[in-house]
Peer 1: 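Before I ask anything, let me first share the structure, which is written out below as structure tokens.
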Amino acid sequence: MTKRFLSVVFLAIACGFLPLLCPAQTLRPVPNAQLASPEVNRRVEALLKQMTLEEKIGQTVQYAAGFATGPNGSKLSYDELVKRGAIGSLLNVIGAEATNRYQHVAVEQTRLHIPLIFGDDVIHGDRTIFPVPLGLSTSWDLSAVEGVARTAAVEARADGIEWVFSPMVDIARDARWGRIVESSGEDPWLGAAIARAWVKGYQQGDLSKPDSVAVSVKHYAAYGGAIAGRDYNAVDMSDVTLRQVYLPPYHAAVDAGAATLMSSFNSLNGVPATANPYLMTEILRKEWGFQGFVVSDWGAVGELLNHAIGPDGSTVARKALTAGVDMDMESNLYATTIAAQVRSGAIPESVVDEAARRVLRVKYALGLFEHPYAAAGAAYVATAEKRAQARAVADESIVLLKNAPIEGHGAVLPLGKWVKTVALIGPLGDSPKDMIGSWAAQGDAKDAISLRQALTERLGDHLLYAKGSGVLSGLDADLLRHTSFIDKPKQEVADEPVPDDGKTIAEAVETAKKADVAILALGESADWMTGEASSRAHLELPGRQEELLEAVAATGKPMVLVLFTGRPSAIKWAGAHVPAIVEAWFPGIEGGHAVADVLFGEVNPSAKLTTSFPYSVGQEPLYYAQFPTGRPAHGDLSHLPADAGEKFTSRYIDEENAALFPFGWGMSYTRFSYGAPTVSRAEAPLADVAAGRGPAVTVGVDVTNSGAVAGTEVVQLYLRNTSASVEQPVRELKGFARVALAAGETKHLEFPLGFEELSFYNAKSERVVEPTAYKVFVGGSSLAEREVGFAVR
Ligand code: NOJ
């Protein structure tokens, strides 16, 4: 080893603990200064010295002492284990009283008085439930995301939870995957921005604040790339795709100071993420400088046996721990196998020290040693203020997919004076529990406003209602009922079995005939059909809902389809035949009001899709940022020669290539027009761009509200690199802005582009900028046509 190398190693180690002593140019960026602080690390080291091996292992052990959110929940004597210092964390214990009870044991009855850290799946709110994350992402509103995280953090702390298993930042490009509902969609640029906003809102840049919670960024890594969209399935992708598409949101969250990450269930290129040194150590610790800890997902250490990477529990636990997974959620393998392996020399004790060190750092940074107990607050009330926030966020998360004119009325929406009587039809029209969506934490369906309730408030007797059908037909319901694993009583599978006799559809048709307009509230069951373990091989409306839709359409009544779903649906027939379509997702406790706001035009919709809607399931995985092909088909996003539509091209013989509704798509009640985009210079020096010296080029564009009402546009900028050593997608989002415009107003926007936007990963997995020409597209969706170009030479 050379002297120089040794001194670099010395500085790197020393600077990790004593950054103030180090010259500025030797400092590696520290993503979370609190975890790296000398004070926190001094206390951690002092404590570690006093700990026995068993006590150190205890910090790496987590159990669910409340309800189970996975299979084979542990049923142990948690009090006893806590008293022995054999547990570092509990999950799914809710409420100040319940958490404090365990915390008193940990703090008062253990030898070293080390507090527990309590974690829970607070995903889109704790008590006040907001739109599901996929819906929230369609707002493209980072301050709204931050605000949701803030409210959730305050409520979680009142519930004794200091650590949320959120945000889920997995890129999701396959609508079959049930967990797409928990994601921010298909795009890494937007996903990274949203990931930062979540972390900021939860942690406030200061874990020690009494209303901050530590995040657990999940599921690291690439969980959303599951083959065939089947949950828990293997992931196999190039390193370039991993780094360019899937890793950016995790990296952004780490850079924003994320205190913890959760390892994912999937294997990545043959190595399970939960025992993957490349992900956990090389990239996360060495490249990104992460100093928090990684918790496994539920039982994932034990599941390494199913992945067949070791013959017994000891081996797989060793692989997980040495790879860099610091805490074992619910496998009970670190607790039972690590000590003996340390004693036999199979695992160096320093590995255990490091895992315990990382956990303790977070506990210190959170201030748990000073303030271990939750302050018992008043019982939760969905106050007017909380409702106002939930409604405002939901208003921004409802996507107007289609709004065609109908005879005699112009566009169907917003509903005008001609609408006196409304027929609300469909199984999602009056289902408060579906409004709050899957993973609704402590949310209570009783707080949720259904669309029926909201419309009744407006229309009184002029609202007619017919359920029309169940979400599923009776047969499907029987099948799916068995898949619901969440054992929280209030999330029980509660929908009644649905008669399959067609009578309810006939009743719905009669109801529609009595009204001026029919609003069809169709979609998925939040609990049965979306979220974990809820992948679907069919993306059409389930059960008999398509039949219901077509039967009502046959009456010729003006109609609006409102979708309550946790994923893009394949609504090909509706796309062609229903004049107005609104995607409401699972919109949270104020969902019904928010949908009504949009239907009646009190809110001008501004949301834009963050996932592509397919015509057919066979197009999945479907996303806008496709790679080019040597035989492009006419009509692809790649702006191809118009004569490319012949046989030997990359296309389906029986379906479109394009999405029915593409990424970035969403309509408004006004119209936005774009001026010609400009660039600050036509050519930027490669050396400056590569060195990250200032923005290489600034793209400017004027956006005008050319309609008659105020509205908000999500302006999107896409780049195409026209010549690179590794082929680049036909378009990639590299900038966006939400802009409120009064009728007739014009605003000028600028998008600086530099190393962040222009670099990509080459075949050696290096992040580079190469000499090339870029095309820039600016507009209101991934179909944006306004174009300008510049070069880097
Ligand atoms: C399994 C899920 O994959 C994960 O998202 C969740 O946080 C844990 N269970 C804990 O409930």
Side-chain angles (χ1 to χ4, degrees), residues 61-74 88-94 117-126 132-134 152 156 159 161-172 177-184 195 198 202 213-226 229-233 235 249-250 253 258-267 272-274 293-304 306-307 325-332 437-443 483-488 491 527 530-535 566:
V61 173
Q62 186 190 47
Y63 296 116
F67 49 89
T69 41
N72 311 317
S74 60
S89 171
L90 292 173
L91 75 149
N92 299 353
V93 180
I94 310 298
I117 178 170
F118 294 92
D120 186 45
D121 287 293
V122 171
I123 307 293
H124 47 114
D126 179 50
V132 288
L134 184 61
D159 269 329
I161 298 153
E162 303 107 4
W163 181 26
V164 294
F165 303 139
S166 170
M168 185 184 109
V169 305
D170 304 321
I171 293 297
W177 190 47
R179 304 200 78 170
I180 196 169
V181 66
E182 296 170 62
S183 81
S184 294
W198 279 113
Y202 282 132
V213 289
V215 298
S216 192
V217 177
K218 67 190 188 183
H219 306 81
Y220 186 67
Y223 183 34
R230 182 155 52 78
D231 207 3
Y232 315 122
N233 206 6
V235 174
Y250 309 105
T260 86
L261 270 75
M262 185 182 290
S263 77
S264 54
F265 287 122
N266 56 283
S267 63
T274 300
F293 70 89
V294 175
V295 62
S296 78
D297 202 340
W298 178 286
V301 175
E303 289 168 19
L304 294 173
N306 292 342
H307 283 278
V325 174
D326 307 297
M327 187 182 276
D328 171 3
M329 182 194 289
E330 273 287 314
S331 286
N332 200 19
S438 50
W439 287 117
Q442 281 51 257
T483 71
S484 184
F485 69 91
I486 306 271
D487 69 359
K488 284 182 175 181
Q491 290 189 339
D527 189 27
T530 76
E532 189 176 354
S534 299
S535 293

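Whatever order the structure lists ligands and atoms in, that order sets their numbers, starting from 1.
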Peer 1: Does any N or O in the side chain of D231 come within less than 3.5 Å of the main-chain N or O of S535, such that one atom is a donor and the other an acceptor?
Peer 2: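 Not a single qualifying donor-acceptor pair exists.
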
Peer 1: List every atom of ligand 1 that sits less than 4.0 Å from any heavy atom of K218, numbering the atoms from 1 in the order shown and giving each element.
Peer 2: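 The atoms of ligand 1 under 4.0 Å from a heavy atom of K218 are 4 (C), 5 (O), 6 (C), 7 (O).
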
Peer 1: Which residue and non-hydrogen atom of the protein lie closest to atom 5 (O) of ligand 1, and at what distance in Å?
Peer 2: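 Looking only at protein heavy atoms, the one closest to atom 5 (O) of ligand 1 is H219 NE2, 2.6 Å.
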
Peer 1: When only distance counts, is Y223 in polar contact with ligand 1, meaning an N/O pair under 3.5 Å?
Peer 2: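 Such a contact does not occur with ligand 1.
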
Peer 1: Give yes or no for whether the N/O distance cutoff of 3.5 Å, strictly under, is met between E182 and ligand 1.
Peer 2: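 N/O-N/O distance under 3.5 Å: no.
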
Peer 1: Just by modelled atom types, is the P71 backbone N or O under 3.5 Å from a matching donor or acceptor in the W298 side chain?
Peer 2: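 A pair under 3.5 Å: yes.
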
Peer 1: Which ligand 1 atoms are under 4.0 Å away from a heavy-atom of F165?
Peer 2: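 Counting from 1, the qualifying ligand atoms are 7 (O).
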
Peer 1: Tell me the protein heavy atom at minimum distance from atom 6 (C) of ligand 1, and give that distance in Å.
Peer 2: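 The closest one turns out to be D121 OD1, 3.2 Å.
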
Peer 1: Kindly confirm or rule out an N or O of T69 lying under 3.5 angstrom from an N or O of ligand 1.
Peer 2: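 Indeed, backbone or side chain, T69 has an N or O that close.
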
Peer 1: For ligand 1, which atoms sit closer than 4.0 Å to a heavy atom of M262?
Peer 2: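 By the 4.0 Å cutoff, the relevant atoms are 4 (C), 7 (O).
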
Peer 1: Can you sort out which atoms of ligand 1 are near E532, meaning under 4.0 Å from one of its heavy atoms?
Peer 2: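 Once the distances to E532 are compared, the set is 1 (C), 2 (C), 3 (O).
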
Peer 1: Among all protein heavy atoms, pick the one closest to atom 8 (C) of ligand 1 and tell me residue, atom and distance.
Peer 2: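 Answer for atom 8 (C) of ligand 1: D297 OD1, 3.2 Å.
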
Peer 1: Using a heavy-atom cut-off of under 4.0 Å, does the side chain or the backbone of M168 touch ligand 1, or both, or neither?
Peer 2: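 Answer for M168: neither.
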
Peer 1: Is it the case that S89 and W163 place a side-chain donor and acceptor less than 3.5 Å from each other?
Peer 2: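 Side-chain D/A pair, S89 to W163: absent.
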
Peer 1: Please enumerate all residues that pass side chain to side chain contact (heavy atoms under 4.5 Å, CB included) together with N332, with sequence neighbours excluded.
Peer 2: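 In terms of side chain to side chain contact (heavy atoms under 4.5 Å, CB included), with neighbours along the sequence ignored, N332 is linked to Y63, L76, A335, T336.
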
Peer 1: Spell out, as yes or no, whether a donor-acceptor pair under 3.5 Å connects the side chain of D297 to the backbone of A300.
Peer 2: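 Pair absent, no side-chain N/O of D297 close to backbone of A300.
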
Peer 1: Look at the side chain of S267 and the backbone N and O of P272, then say whether any donor-acceptor pair between them is shorter than 3.5 Å.
Peer 2: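 No: the side chain of S267 does not pair with the backbone of P272.
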
Peer 1: Counting only N and O atoms by type, is there a donor-acceptor contact under 3.5 Å from the side chain of E330 to the main-chain atoms of A64?
Peer 2: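 Answer holds: yes.
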
Peer 1: Hey, are T274 and S296 close enough side-chain-wise for a donor-acceptor pair under 3.5 Å?
Peer 2: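 Side chains of S296 and T274: no pair found under 3.5 Å.
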
Peer 1: With backbone taken as N, CA, C and O and side chain as the heavy atoms from C-beta onward, which portion of R179 lies under 4.0 Å from ligand 1: side chain, backbone, both, or neither?
Peer 2: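 The answer is the side chain of R179.
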
